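First comes the structure, then the notes that go with it.
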Amino acid sequence: MYVCGPTVYSNSHVGHMVGPVIFDTIKRYLVYLGYEVTWVVNITDVDDKLIVQAQKDGTTVKDLAERVTDDYLRCLEALGVDGIDHMPKATEHIAEIVAMTQGLIDKGFAYPSGGDVYFDVTRAPEYGKLSHRDPEELQAGARIEPSSIKRHPGDFALWKGSKPGEPAWESPWGPGRPGWHIECSAMSMKILGEHFDIHGGGLDLVFPHHENEVVQSESFSGKPFATYWLHNGLLTKSGKKISKSDPGTVILMGDLLQKHDPDTLRCLFLASHYRRPIDYGPGRLDELARGLQAFHGLFDRFERLTGESFHALDAPKHKADGRADSPIPDVGELRDRFLEAMDDDFNTGGAFGELYELVRALNRFADSHKLESATDPGSLAAFRSGVVVLKELSQILGLFRHPRARADSAQDKLTAPLLDLLVQLRTRVRKEKNFALADDIRKSLAELGVTLEDRPDGTSWKLD
RNA sequence: GGCGCCGUAGCCAAGUGGUAAGGCAGAGGUCUGCAAAACCUCCAUCGGCGGUUCGAAUCCGCCCGGCGCCUCCA
C-alpha cells in the first residue's frame, strides 16, 4: 500500500492528517483480517516550493525539509499513526529516479528538452484514464501554461534542469532535480514492486499527480500499476478547502494537538466515510469530545469494578482470534455489524456508530446485573469479556490507545490525595444527613472543575 | 466550458430498492437525600418536481443549492 505523503515545505495542517489516519485505520483492519500489509508513505523533500520557502526563511532546502518532516512525524505519532513501514525520501532516490527517466526516454515515452526531461503524453493513449480526462481537451482548458520547450501542453517534467544556486544532482541531461511526480513512481516501484495493491492519497491528487504516476509507471514497466485507488475526501473549513495556498484556511495540526485529545481528532476523520469531505467548523471537536465521554465513563466504570485498566487490556489482534459470541445480549451481533461496516469499503462512520451501541449494551448489562453492589463473579466475568470486545474493535479504529491526558495538572502529588480527603469528609457529613454542607462541597468543587459522583459503592471524583 | 462529488432531524452523520444506525443539542422518565453518571422513552420520510417499480432516501430525467479537480495542494 502506497500513500502520497507531504511535500515538506511547511508544517502540517489538519488536512494533511486525514489520509494518514484513514489509511492507518485501513491497514489496521486489513491486518486484523489477516493480510500482510506493507505501507509506504513518501516524503517529497525537493521541489520548487521548498526552494522558494528556504530562500524566504534564509535557510537551506535540507534544513527546511528536516524541520518540516519532524513536525509531520510528531503529528503522526500523536495521532497514533504507527503502521507506516517505509518513508522514503525523494533526495535519497535520485539514482532510481534518473534510471527511470532514462528508461522512459529509451522506450520513447519521454524526451529531453532544454536541460529538462518531459513525458510525452501523446505516446500514451491511455493517459487520462484515472481522472477521466482527454488530453486533447486539456488543451481546451487553456490553463496549462504554454511552453516552447514542451511538445504538447500536457507534457509534464520528469526532470528539471537547475539554475545556479538551486539543489542539483548530476544526470545525463545536466545538473537538475526530479520533477514532481516521478519520485512516487520510482520509490513505490523500488519498495513495493512494479505492481501493488493499494494506492491512496487525497482527492486533490487525482489529477495531475496520480494520473501522471500511472502513465509513467505503466509506460516504464509495461505492467498495471496499482490495483485499487483510494482517494480520501478533503478537509474544509466553513465549506472552503484547507490549502497551503490559501493561508486563511490553514489550521496547524500542531496547534490542534495542544488543545485536543488525539482520539477526538481521530474521530473527526473517522466519523464519516473516507471519501466524503469533512468540514471543520467551530465546536465540532468539542462536540466529538463530549460524545467520547461515554467511552471514558465506561472505562472508569470497568476500572472501578475490576481494578483493571481498559488501556492495559489484552484484546484479540486478529479476527480469527476474536469471539463471535458473548454472554451479554447484542455484543456478538454488534461486533458482526461493526465488521460488516468495515467490510463495506471501510465504512468507519457506520462502524463507529456500532461502537456506541456496544457501550450502551455493556452499561445496560452492568446496570441490570447491579455490578456495583453485587459480587457475582460470573456476571463480572461476562462484563469483562464484553469490554474486551470493545477493546478489540477500538483497536481497529486506533482509538483509546492511552488514557486520556488530563487538561490540568492532576498528576501532581497533592491533588489526588486532597480530593480523596475531601470526599471522605463529605461522606461523613452525608452520613450525618448534613446535605447542605455536602452539597456546598460538591458545588465548590464543581466550580474548580471537579465532578463528584455518588454511587451505591461510594463516591468518586473526576476532573474535566 | 470539461470531469467528478455532495444535499438525510437544530447541528454532525450511517444507510444506496422493502416502510430511516449512531453522536451532539433538546424534552420526559427510572435511579439518587438532591445531583452526576448510567439506563429507558420521545424528537426526520430523506433539496424540489416528474418518471420506473407491487414498493425508492436508495434507480432514471429535469431543476435548485453547495463543493472539488482541470494550476501548487493531503
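No experiment lies behind these values; they were computed from the predicted model shown. Below, chain A is the first sequence line, B the second, and so on; all start at residue 1.
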What is the distance from [atom1] of [X] to [atom2] of [N], rounded to the nearest Å?
X: Leu419(A); N: A36(B); atom1: CG; atom2: P; result: 20 Å
X: Arg266(A); N: C12(B); atom1: CZ; atom2: P; result: 24 Å
X: His273(A); N: G15(B); atom1: NE2; atom2: P; result: 7 Å
X: Arg133(A); N: C5(B); atom1: CZ; atom2: P; result: 12 Å
X: Leu292(A); N: C12(B); atom1: CG; atom2: P; result: 19 Å
X: Arg301(A); N: A37(B); atom1: CZ; atom2: P; result: 13 Å
X: Glu333(A); N: A21(B); atom1: CD; atom2: C1'; result: 12 Å
X: His209(A); N: G68(B); atom1: NE2; atom2: P; result: 21 Å

Please measure how far the [atom1] atom in [N] lies from the corresponding atom in [M], and state the result in whole Å.
N: A56(B); M: C46(B); atom1: P; value: 12 Å
N: G48(B); M: C11(B); atom1: P; value: 14 Å
N: G66(B); M: C12(B); atom1: P; value: 16 Å
N: C31(B); M: A36(B); atom1: C1'; value: 12 Å
N: A21(B); M: U16(B); atom1: P; value: 13 Å
N: A44(B); M: G7(B); atom1: C1'; value: 15 Å
N: C54(B); M: C70(B); atom1: P; value: 46 Å
N: C43(B); M: G22(B); atom1: P; value: 12 Å

Would Glu333(A) and Glu354(A) satisfy side chain to side chain contact (heavy atoms under 4.5 Å, CB included), going step by step from the backbone distance to the final call? CA-CA 10 Å; Glu333(A) 195 194 325; Glu354(A) 306 302 339; over 6 Å; no
Students often get this wrong, so: under 4.0 angstrom with heavy atoms, is [X] touching a base, only sugar-phosphate, or nothing?
X: Gly291(A); value: sugar-phosphate
X: Leu298(A); value: nothing
X: Gly283(A); value: nothing
X: Thr451(A); value: sugar-phosphate
X: Leu203(A); value: nothing
X: Phe435(A); value: base
X: Ser12(A); value: nothing
X: Gly15(A); value: base

Between [options], which nucleotide gets closest to the side-chain atoms of [X]?
X: Asn232(A); options: A74(B), A21(B), A38(B); result: A74(B)
X: Glu453(A); options: A36(B), G33(B), A74(B); result: A36(B)
X: Asp344(A); options: C39(B), A14(B), G15(B); result: G15(B)
X: Phe207(A); options: C39(B), C69(B), A74(B); result: C69(B)
X: Arg360(A); options: C39(B), A74(B), A21(B); result: C39(B)
X: Arg430(A); options: G33(B), C39(B), A74(B); result: G33(B)
X: Glu287(A); options: G23(B), A74(B), A14(B); result: G23(B)
X: Asp367(A); options: A37(B), A21(B), A38(B); result: A38(B)
X: Asp439(A); options: G33(B), A38(B), G68(B); result: G33(B)

Distance check: side-chain N/O of [X] vs OP1/OP2 of [N], anything under 4.0 Å?
X: His132(A); N: C3(B); value: no
X: Lys370(A); N: C31(B); value: no
X: Arg276(A); N: C12(B); value: no
X: Arg364(A); N: C40(B); value: yes
X: Arg290(A); N: A25(B); value: yes
X: Arg284(A); N: C24(B); value: no
X: Asn347(A); N: A14(B); value: no
X: Lys244(A); N: A74(B); value: yes

With no angle test and no hydrogens, is the base of C34(B) tied to the side chain of Asp454(A) by a donor-acceptor pair under 3.5 Å?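 Looking at the base of C34(B), it does pair with a donor or acceptor on the side chain of Asp454(A) (distance under 3.5 Å).
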Any donor-acceptor pair under 3.5 Å joining the side chain of Ser245(A) to the base of C72(B)?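 For Ser245(A), whose side chain was compared with the base of C72(B), there is a donor-acceptor pair (under 3.5 Å).
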Does the separation of the ring centres of His152(A) and Tyr118(A) fall below 6.0 angstrom?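 Centroid distance His152(A)-Tyr118(A): not below 6.0 Å, so no.
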For Arg426(A) and Ala438(A), indicate whether the former's side chain and the latter's backbone hold a donor-acceptor pair under 3.5 Å.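 The answer is yes, because a donor-acceptor pair under 3.5 Å joins these two groups.
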Between Phe156(A) and His181(A), how do the two ring planes meet: parallel, tilted or perpendicular, split at 30° and 60°?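 Rings of Phe156(A) and His181(A): perpendicular, over 60°.
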Does [N] have a Watson-Crick or wobble partner in any strand here, with both distances under 3.5 angstrom, and which is it?
N: G65(B); answer: C6(B)
N: U19(B); answer: none
N: U53(B); answer: none
N: G33(B); answer: none
N: A44(B); answer: none
N: G1(B); answer: C70(B)

Using heavy atoms to find the nearest nucleotide of RNA chain B for Leu288(A) and Ala438(A) separately, return the residue whose nucleotide is more 5′.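 Checking each residue's closest nucleotide, the 5'-ward one belongs to Leu288(A).
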Comparing Phe352(A) and Gly297(A) on RNA chain B - which has the more 5′ nearest nucleotide: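 That would be Phe352(A).
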Just checking, is any N or O donor in the side chain of [X] or [Y] under 3.5 Å from an acceptor N or O on the other one?
X: Glu392(A); Y: Tyr32(A); value: yes
X: Asp57(A); Y: Gln53(A); value: yes
X: Arg266(A); Y: Thr25(A); value: yes
X: Asp85(A); Y: Thr38(A); value: no

Ring of Phe310(A), cation from Lys391(A) - is the NZ or CZ under 6.0 Å from the centre and inside 45° of the axis?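 Cation-pi check for Lys391(A) and Phe310(A): passes.
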Got more than 12 heavy atoms from elsewhere within 6.0 Å of CD, Glu372(A)?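 Buried by this count: over 12 neighbours within 6.0 Å.
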